[in-house]
Structure formats: C-alpha cells, structure tokens
J.: 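Following this message is one structure expressed as structure tokens.
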Amino acid sequence: MPHRAGRTSWKRFAAVLASSVMAAAALGVGMAQGALAASFLISGQKFQVALDTLDVRGLSIYGMVDVTRKGTLVPVVVTGASRAEISGLCQSVVVSIPVLGPYTLRITGGDRRRVEAKNLFLDATSLSSTQANFDDLDIGVAAGAVSKGPISRGDRNSRFFDPNGFAQQADAAFLSNVHFTTVAVSAATFNVPDLDVRLRQGHHECF
C-alpha cells in the first residue's frame, strides 16, 4: 500500500499501530484461555523493555529459538515468571516511515501502581540489571525438569526446545533497573495501571 506524506496518512498509520497493540493484548488472553496456539511467528524486529523493578514469584530462564514469518531463526534467552510485579514499565520500538523517517512507539505505565502479570515470558537477546537477588536458585537444571518457574506451552512443544538443555530457576527473584532487548513478550494476563502510549518523531527509546 503506498504511503503519502501528510496528516491523513499518518493518522491512518497511527491507527494501525494502536490496533496492533490491542491485537497483541487480545492474543495474550487468547493463549491463556487455550483459544489460540501458544506460539507465534515473530516479526524479528528488536524492541526495548525497561523496568525500574521486577519482582518475580516462580522464575525460569532457558534457551530457545524463535522463528520469523520468513523462516529466519533467532536464538533467544527466555525469562519466565509465574507471577510478576513491575514498577516503572517502559517499552519502545522504532519504526521507519517512508518520507516521514523514524518514529518511536513508546508505552509506559506502573509509575504509581505496580504492573501485575501472570505467566509472563520475555524472549530476549540481551538482559542487564544493576542488582539481582534470587531465592532458592538452581543453575544448570535441565530445561525439561524446570519446576519452580513456567515453561511456555508453545516452547515446550517446539522442535527447538531441548529438554536436556541448560536452564536456571528460582523460587523468587528481585531485579532493579532492568533492561531487556527483546523480540517477543507474552503473558496470560498483563495489567498496566497509568498506561500511556505515545508516537513521537525520531528516536526516543527507553534506554
């Protein structure tokens, strides 16, 4: 579909992005209810997720390979949380618009009240935290034997999931100033108070 410079085409693009955000939320609910397959083809574009704090009950960390619609394989480290409370959520992705140039879709929330999530999975290519505390930590457990945290149903049924592969788990974890570079995020439920969605010209990533 051709893109034209001007107010009308930009509003149409913004509406498409907003619809995509709502569709992603609906997809997460559908997966939790078993209405859809629990795995999906990723776009392959990386985006940023920054958290002031991440408080997890039931943690799992394991290797996986995601697949784009074009069939490209993307190795990731999946961080799973049975339950998570988040403060200071920021998510950003930069999109390049013909004629208009780069725009940033930035989503924030949880500044005054915590974001709450169940069966949260972040498929990341990098993760950093200024401080990470773990309770009852197991490093080197087989991925197929993880019991303290969740394994995505879609991952467990994937041909790329190695039940004998290296994994890590903990009863609980608390991380501060967390930065994820991700290719996919999914959750059974994701409740975001003080949600704010903005489109801004240029680069305005979370970190």
Side-chain angles (χ1 to χ4, degrees), residues 13-14 16-28 39-56 59-70 72-81 84-97 100-132 152 155 168 173-207:
F13 177 79
V16 170
L17 276 182
S19 299
S20 298
V21 172
M22 297 304 294
L27 177 63
S39 60
F40 54 89
L41 298 175
I42 64 171
S43 72
Q45 182 169 357
K46 295 178 181 179
F47 57 98
Q48 296 180 348
V49 177
L51 315 170
D52 288 346
T53 63
L54 174 61
D55 192 355
V56 173
L59 173 72
S60 60
I61 300 175
Y62 57 95
M64 191 59 198
V65 177
D66 288 349
V67 185
T68 71
R69 190 170 180 272
K70 294 181 178 180
T72 302
L73 304 182
V74 182
V76 295
V77 175
V78 180
T79 298
E85 291 188 353
I86 296 165
S87 66
L89 167 69
C90 178
Q91 177 182 311
S92 65
V93 61
V94 177
V95 291
S96 181
I97 312 302
L100 297 177
Y103 272 75
T104 302
L105 171 62
R106 185 171 171 134
I107 302 171
T108 60
D111 291 334
R112 291 176 294 179
R113 293 176 294 158
R114 286 192 167 192
V115 175
E116 297 180 348
K118 294 180 181 179
N119 286 336
L120 173 67
F121 297 96
L122 298 103
D123 294 16
T125 58
S126 69
L127 160 64
S128 67
S129 172
T130 57
Q131 179 65 43
S152 168
D155 289 349
Q168 179 174 320
F174 186 86
L175 292 80
S176 302
N177 191 25
V178 191
H179 290 171
F180 288 95
T181 299
T182 62
V183 294
V185 177
S186 60
T189 63
F190 201 76
N191 301 316
V192 185
D194 306 316
L195 177 66
D196 186 72
V197 180
R198 294 179 184 270
L199 288 164
R200 296 179 61 189
Q201 187 175 21
H203 292 264
H204 302 280
E205 295 98 321
C206 296
F207 55 88

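Throughout, residue positions are numbered sequentially from 1 according to the sequence presented.
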J.: Do you know which two heavy atoms are closest between F121 and G80, and how far apart they sit?
T.: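 Residues F121 and G80, closest heavy atoms: CD2-CA, 3.8 Å.
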J.: For A184 and F47, which heavy atoms make the closest approach, and how far apart are they?
T.: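 A184 and F47 have their closest heavy atoms at N-CE2, 3.8 Å.
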J.: Return the minimal non-hydrogen interatomic distance between K46 and V93, and the atom names on each side.
T.: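 Heavy atoms of K46 and V93 come nearest at O-CG2, 4.3 Å.
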J.: Closest heavy-atom contact between V183 and G44?
T.: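 Looking at all heavy atoms of both residues, the closest pair is CG1-O, 4.4 Å.
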J.: Could you state the interatomic distance from NE2 (H203) to OG (S92), rounded to the nearest 0.5 Å?
T.: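 Reported to 0.5 Å precision, the distance equals 11.0 Å.
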J.: For the pair R69 (side chain) and S43 (backbone), establish whether a donor and an acceptor sit closer than 3.5 Å, ignoring hydrogens and angles.
T.: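 Here the side-chain-to-backbone pair does not exist.
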J.: Yes or no on side-chain hydrogen bond (donor to acceptor under 3.5 Å, both in side chains) for S87 and T53, after CA distance, side-chain angles and deciding distance?
T.: CA-CA 5 Å; S87 66; T53 63; 2.4 Å; yes
J.: I want to check something: taking the side chain as every heavy atom from C-beta on, are V185 and F180 in contact at a cut-off of under 4.5 Å?
T.: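 Side chain of V185 against side chain of F180, heavy atoms only: no contact under 4.5 Å found.
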J.: Without hydrogens or angle criteria, can the side chains of T130 and S176 be said to hold a donor-acceptor pair below 3.5 Å?
T.: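 Absent: no donor and acceptor within the cut-off.
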J.: Atom CG of L122 and atom OG1 of T79: how far apart are they, to the nearest 0.5 Å?
T.: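 Spacing of CG (L122) from OG1 (T79) equals 6.0 Å.
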J.: Checking Q48 side chain against C90 main chain: does a donor-acceptor pair fall under 3.5 Å?
T.: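 Such a contact is absent between Q48 side chain and C90 backbone.
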J.: Considering only heavy atoms from C-beta outward, does the side chain of D123 approach that of T182 to under 4.5 Å?
T.: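 SC-SC contact between D123 and T182 ruled out.
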J.: Measuring from L89:CG to C206:SG, what's the distance to the nearest 0.5 Å?
T.: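 It is 7.5 Å, given to the nearest 0.5 Å.
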J.: Hey, does F207 have a side-chain heavy atom less than 4.5 Å from the side chain of V178?
T.: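 Of all side-chain heavy-atom pairs linking F207 with V178, none is under 4.5 Å.
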J.: Looking at every non-hydrogen atom in both residues, tell me the closest pair between G109 and V192 and how far apart they are.
T.: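 Minimum heavy-atom contact is CA-CG1, 3.9 Å.
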J.: So, taking the atom named CG in L199 and the one named CD1 in I97, what distance separates them when rounded to the nearest 0.5 Å?
T.: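 L199 CG to I97 CD1: 8.5 Å, rounded to 0.5 Å.
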J.: Could you go through V94 and T104, starting from their C-alpha distance and side-chain angles, then the distance that decides it, and tell me whether this counts as side-chain contact (heavy atoms from CB on, under 4.5 Å)?
T.: CA-CA 4 Å; V94 177; T104 302; 3.6 Å; yes
J.: State, to 0.1 Å, how close A187 and L120 come at their nearest heavy-atom pair, and which atoms those are.
T.: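 Looking at all heavy atoms of both residues, the closest pair is CB-CD1, 4.0 Å.
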J.: Could you measure the distance from the CG atom of D52 to the CG atom of N177? Nearest 0.5 Å is fine.
T.: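 So the gap between those two atoms works out to 7.5 Å.
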J.: Holding to ring pair (Phe, Tyr, Trp, His ring centres under 6.0 Å), I want the full list of residues that pass it with F174, two or more places apart in sequence or in another chain.
T.: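 Listed in chain order: nothing, the list is empty.
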J.: Please report, to 0.1 Å, the donor-acceptor pairs under 3.5 Å made by any side chain of residues 110-119, with sequence neighbours excluded.
T.:
unit_1: R112; atom_1: NH2; unit_2: D194; atom_2: OD1; d: 2.9
unit_1: R114; atom_1: NH1; unit_2: E85; atom_2: OE1; d: 3.1

J.: Is T68 reaching over with its side chain to a backbone N or O of K70, donor-acceptor style, under 3.5 angstrom?
T.: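 Yes, the answer is positive, given that a donor and an acceptor are paired below the 3.5 Å cut-off.
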J.: Kindly indicate, with the supporting measurements, whether the criterion side-chain contact (heavy atoms from CB on, under 4.5 Å) is fulfilled by L127 and V77.
T.: CA-CA 9 Å; L127 160 64; V77 175; over 6 Å; no
J.: What is the distance from atom OG of S96 to atom OH of Y103, rounded to the nearest 0.5 Å?
T.: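 So the gap between those two atoms works out to 11.0 Å.
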